[in-house]
Trainee: 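Have a look at this one.
Numbered from 1 within each chain, the chains take letters A, B, ... in sequence-line order.
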Number of protein chains: 2
Amino acid sequence: MTVPTSAQPLARRADAQRSIAAILKAAVNALSRDPDASVSDIAKAAGVGRVTLYGHFPNRADLVEAALAHAIDQGHAALDAVDLVGDTRQALTRLIDSSWLLVNQSRALLLAAQAVLPPSRIRDLHAGPVERVEGLVKRGQDDGAFRSDLSTSWLVGVMHSVMHTAADEINAGRLDPDQAAAFITATVLAAFTPPGRRVPA
Amino acid sequence: MTVPTSAQPLARRADAQRSIAAILKAAVNALSRDPDASVSDIAKAAGVGRVTLYGHFPNRADLVEAALAHAIDQGHAALDAVDLVGDTRQALTRLIDSSWLLVNQSRALLLAAQAVLPPSRIRDLHAGPVERVEGLVKRGQDDGAFRSDLSTSWLVGVMHSVMHTAADEINAGRLDPDQAAAFITATVLAAFTPPGRRVPA
DNA sequence: AGTAACTCGTACACCACTGTTCAACAAGGG
DNA sequence: CCCTTGTTGAACAGTGGTGTACGAGTTACT
């Protein structure tokens, strides 16, 4: 008990920390491939006994939640590098370029989470990323670059779902992965254009 | 065996036909609520013994497939009433008005199907409805109402996914169901507008 | 009226997964 | 160096579903 001054992350042994990291990584990986991956599968992929896993995560739901949180944190951090100042449309384009692959790769993981966690919990976990996008969209609405006749959350939702569409089209073999980003931005920018204004070419 | 001239739907007894109809209806209903509904649940809802159900559908996958096919047929038939001639944008608006509720209601059912059937099978089942939408979109591209810098299938996918977005937003409490159709059409028409052209107000 | 088709409930075998227990062993930390 | 914390596999109980078998009863077609 070396000075547990307060409710800290609870200093585990170096040993355990390694295990947890491995499990988290394996979980994200496995669940991204197959949302129905079993706890055994994940433990195996992590190079860890199933019992060990249960030692750190009480049940499957907690594990999935941790995995999702982990993936979101990673993505969120990666997007910190994106420059969101300057022309709003260009900023959105940059954000889409960096985001969409992440969104795509985490689709199955998200599905796994939806099967186990209440919608509210999932929304909470996404609060960070959503806030970032929402802020940008709102700025665009304020400066007149984006339409204001539709709500901010709607536009954010549309952007999100267009990215999913890209993923679908790709693995249906109808879209070249290299073109995906261009298709998405072209679509989203048009959808966001205020009525009466010309769609950017 | 009243003249089984060839491989016909195999004339079952009136008895059995009623059962099958009830099962199909119950399956669509139950799976639309909960994609994980068990065979027992469905049988119960149909007012039929589980064994009877298995007598008509060899396994869960076949049942789900039949349910999806049934729902799609119904929807497809309902949309026959929609007038698709005349101004392309207006026709699309009419189609969305009539489609989106159907799409919305069948979301869970579709999810159930995706869990059990290969993507190719699902796409085949959707061939009818997709063809209708694709035809209209293609016409719009040909007559210049819709953009041609993005592929037809992409635009169809976008339209489809925007409808799903509406469903999400509604049951997240962020969108008034009465506004849904308007939001969808406003978004889709903007997204479909050719670059350089003004977004319709 | 008779026969084949259909239905029903119960019961069973089976399977995959979850979560727990145990007892022995390994390794980090002070 | 010793004690605590972790790790391990095997074994077990529990759960909830799927699909099958059976035997008796019912209902439609001719």
Trainee: On DNA chain C, check which nucleotide each of A:Ser38 and B:Leu53 is closest to and give me the residue with the more 5' one.
Mentor: B:Leu53
Trainee: Side chain of B:Val51 only, heavy atoms from C-beta on: which candidate in C:dT7, C:dT18, D:dA21 is closest?
Mentor: D:dA21
Trainee: Between B:Asp168 and B:Arg174, does any NZ, NE, NH1 or NH2 come within less than 4.0 Å of an OD or OE carboxylate oxygen?
Mentor: no
Trainee: Just to confirm, is there a sub-4.0 Å distance from OP1 or OP2 of D:dG6 to any side-chain nitrogen or oxygen of A:Thr52?
Mentor: no
Trainee: Could you give the CZ-to-P distance, from B:Phe57 to D:dT20, as a whole number of Å?
Mentor: 15 Å
Trainee: Check the distance between C:dA11's C1' and B:Tyr54's OH and give it to me in whole angstrom.
Mentor: 15 Å
Trainee: Over all heavy atoms of both residues, which pair between B:Arg198 and B:Thr193 is shortest? Give the atoms and the distance, please.
Mentor: O-CG2, 3.7 Å
Trainee: Would you check if the side chain of B:Thr52 reaches a backbone N or O of B:Val48 as a donor-acceptor pair within less than 3.5 Å?
Mentor: no
Trainee: How close or far is atom P of D:dT8 from atom CZ of A:Arg50, stated in whole angstroms?
Mentor: 13 Å
Trainee: Go through C:dC8, D:dT8, C:dG28 for me and flag the one nearest to the A:Val48 side chain.
Mentor: D:dT8
Trainee: Nearest whole angstrom, please: distance from the P of C:dC17 to the NZ of A:Lys44.
Mentor: 9 Å
Trainee: Separation of B:Arg18 atom CZ from C:dC8 atom P, in whole Å?
Mentor: 11 Å
